[in-house]
Chemist: 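Structure below; questions to follow.
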Amino acid sequence: MRRPFALDQPWMKPVPILAAGLLRLLHHSCSFSALGLGHLQRALSGPGACLFTTWHCMFPAVVHFFRNLDGVLMVSRSQDGEWASRIVHHLGYQTVRGSSHRGGSQALRAMLRLTRLGHYAGLIADGSQGPAKVAQAGIVWLARATGLPLFPVCMAAHPCVRLSSWDRTIIARPFATVVMAFGEPIRVPRNVPPEGLESYRNRLQDALNRLADQAETAARSGAGVPIPSQAARAAGRIGPGRTLTP
């Protein structure tokens, strides 16, 4: 017997389209500012792709922000992951399916192939099931295998709603102030031995937690450099010698 809310039910097929539209509508009402905007400019004006990474709780706003970069995301193979995959497809993303608990190695290899074709990659540093705000090793392995820099990204919104999920997902309220915080790139040399990856994992985790704190403070105080609510469209046009401006 099929579940009444299964995605293969005909009446459920429009739901991901509607969810993607609501996500756009919500964030178009918000006022976006940035910390470390120069790091974003350098990431997107460089000669090749890069790996953007954030915490799971910040997924909605970060996915909206980068929606026009033809990026690829790793999404779990769970039912919740199926929902997420279909929604982000309507925001312009490709997905590979897998997590640290199921199909993770195959998904990382699929992302490796796509980044070599020039696609930007987005990864959740603490995975699909946590623990929250603890970086997982797979993302560091991918940075070493690709030779691409890891760019930590965090956000905060004021006012916002925190869901009761394991990660306490952040949902900006309509017309909220949303601050995007971009950190310095982290490069993992190809010759780092497996036992040496732990120091880079810790470095990424510390960078993300520091950016999260900075974004939260800025969102409450109204700090940051104003950027357009359609920031991803502007960001996607950055090229050598060009800058992202409001």
Side-chain angles (χ1 to χ4, degrees), residues 2-34 40 44 52-99 111 114 119-124 128 153-182 215 219 224 226-238 244 246:
R2 291 190 301 175
R3 291 181 295 176
F5 295 101
L7 276 170
D8 59 354
Q9 294 281 11
W11 70 275
M12 292 293 290
K13 290 183 179 179
V15 173
I17 301 174
L18 294 173
L22 288 173
L23 196 65
R24 289 192 195 95
L25 184 63
L26 168 64
H27 289 102
H28 279 316
S29 76
C30 296
S31 174
F32 277 74
S33 296
L40 175 65
L44 296 176
F52 291 103
T53 183
T54 191
W55 292 136
H56 196 282
C57 64
M58 302 171 182
F59 184 78
V62 173
V63 165
H64 174 268
F65 187 89
F66 288 107
R67 68 196 181 281
N68 292 309
L69 293 182
D70 190 26
V72 55
L73 303 177
M74 183 185 296
V75 181
S76 75
R77 294 182 178 181
S78 66
Q79 179 69 11
D80 288 345
E82 182 63 27
W83 276 100
S85 180
R86 297 195 187 191
I87 291 170
V88 299
H89 282 170
H90 293 292
L91 294 171
Y93 290 93
Q94 299 182 56
T95 59
V96 297
R97 304 298 300 276
S99 68
M111 294 197 84
L114 288 167
H119 291 278
Y120 293 95
L123 301 111
I124 299 299
S128 62
V153 180
C154 282
M155 59 77 60
H158 183 74
C160 70
V161 174
R162 299 295 296 256
L163 302 185
S164 58
S165 54
W166 66 267
D167 64 330
R168 302 297 310 280
T169 298
I170 301 169
I171 305 294
R173 291 185 181 273
F175 307 103
T177 296
V178 177
V179 174
M180 306 292 300
F182 305 98
I227 54 178
S229 60
Q230 296 189 31
R233 186 176 300 279
R237 291 198 296 264
I238 292 181
L244 173 61

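Numbers for residues simply follow the sequence, beginning at 1. Predicted model, so just to flag it, every value in this text is computed and none were measured.
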Chemist: Between Val75 and Trp83, is a side-chain contact (heavy atoms from CB on, under 4.5 Å) present by the stated rule, with each step listed?
Modeler: CA-CA 10 Å; Val75 181; Trp83 276 100; over 6 Å; no
Chemist: How long is the straight-line distance from NE2 of His56 back to CH2 of Trp166, given to the nearest 0.5 Å?
Modeler: 5.0 Å
Chemist: Please check if the side chain of Tyr93 supplies one atom and the backbone of Val63 the other of a donor-acceptor pair under 3.5 Å.
Modeler: yes
Chemist: Under 4.5 Å between any side-chain heavy atoms of Val153 and Leu40, yes or no?
Modeler: no
Chemist: In terms of relative ring orientation, are His64 and His28 parallel, tilted or perpendicular, with 30° and 60° separating the classes?
Modeler: perpendicular
Chemist: Assess the residue pair Leu73 and Met111 against the criterion (side-chain contact (heavy atoms from CB on, under 4.5 Å)); give the C-alpha distance rounded to whole Å, side-chain angles, the decisive distance to 0.1 Å, and a yes or no.
Modeler: CA-CA 8 Å; Leu73 303 177; Met111 294 197 84; 5.8 Å; no
Chemist: Applying the side-chain hydrogen bond (donor to acceptor under 3.5 Å, both in side chains) criterion to Arg86, which one of His89, His90, Glu82 satisfies it?
Modeler: Glu82
Chemist: Run Val62 and Phe52 through side-chain contact (heavy atoms from CB on, under 4.5 Å) and show every step you take.
Modeler: CA-CA 10 Å; Val62 173; Phe52 291 103; over 6 Å; no
Chemist: Please find the pair of heavy atoms, one from Ala157 and one from Val178, that lie closest to each other, and give the distance.
Modeler: CB-CG2, 4.1 Å
Chemist: Using a 4.5 Å cut-off on heavy atoms from C-beta on, say whether the side chain of Met58 contacts that of Asp167.
Modeler: no
Chemist: Quick one: are Val88 and Arg67 in side-chain contact, heavy atoms under 4.5 Å?
Modeler: no
Chemist: In the structure I gave you, are the side-chain heavy atoms of Thr54 and Met155 within less than 4.5 Å of one another anywhere?
Modeler: no
Chemist: Looking at Ala215 and Ala181, what are the two nearest heavy atoms and their distance?
Modeler: CB-CB, 4.0 Å
Chemist: Less than 4.5 Å apart, side chain to side chain, heavy atoms only: is that true for Phe59 and Ile124?
Modeler: yes
Chemist: Taking Arg162 for its side chain and Arg168 for its backbone only, find out whether a donor-acceptor pair lies under 3.5 Å.
Modeler: yes
Chemist: Are Leu91 and Arg24 side-chain neighbours, meaning at least one heavy-atom pair lies under 4.5 Å?
Modeler: yes
Chemist: Could you check Leu123, Thr95, Leu114 and say which one makes a side-chain contact (heavy atoms from CB on, under 4.5 Å) with Val72?
Modeler: Leu114
Chemist: Is the shortest heavy-atom distance from the side chain of Leu26 to the side chain of Pro174 under 4.5 Å?
Modeler: yes
Chemist: Does some side-chain heavy atom of Trp55 sit less than 4.5 Å from a side-chain heavy atom of Ile170?
Modeler: no
Chemist: Return the SG to CD1 distance between Cys160 and Ile171, rounded to the nearest 0.5 Å.
Modeler: 9.0 Å
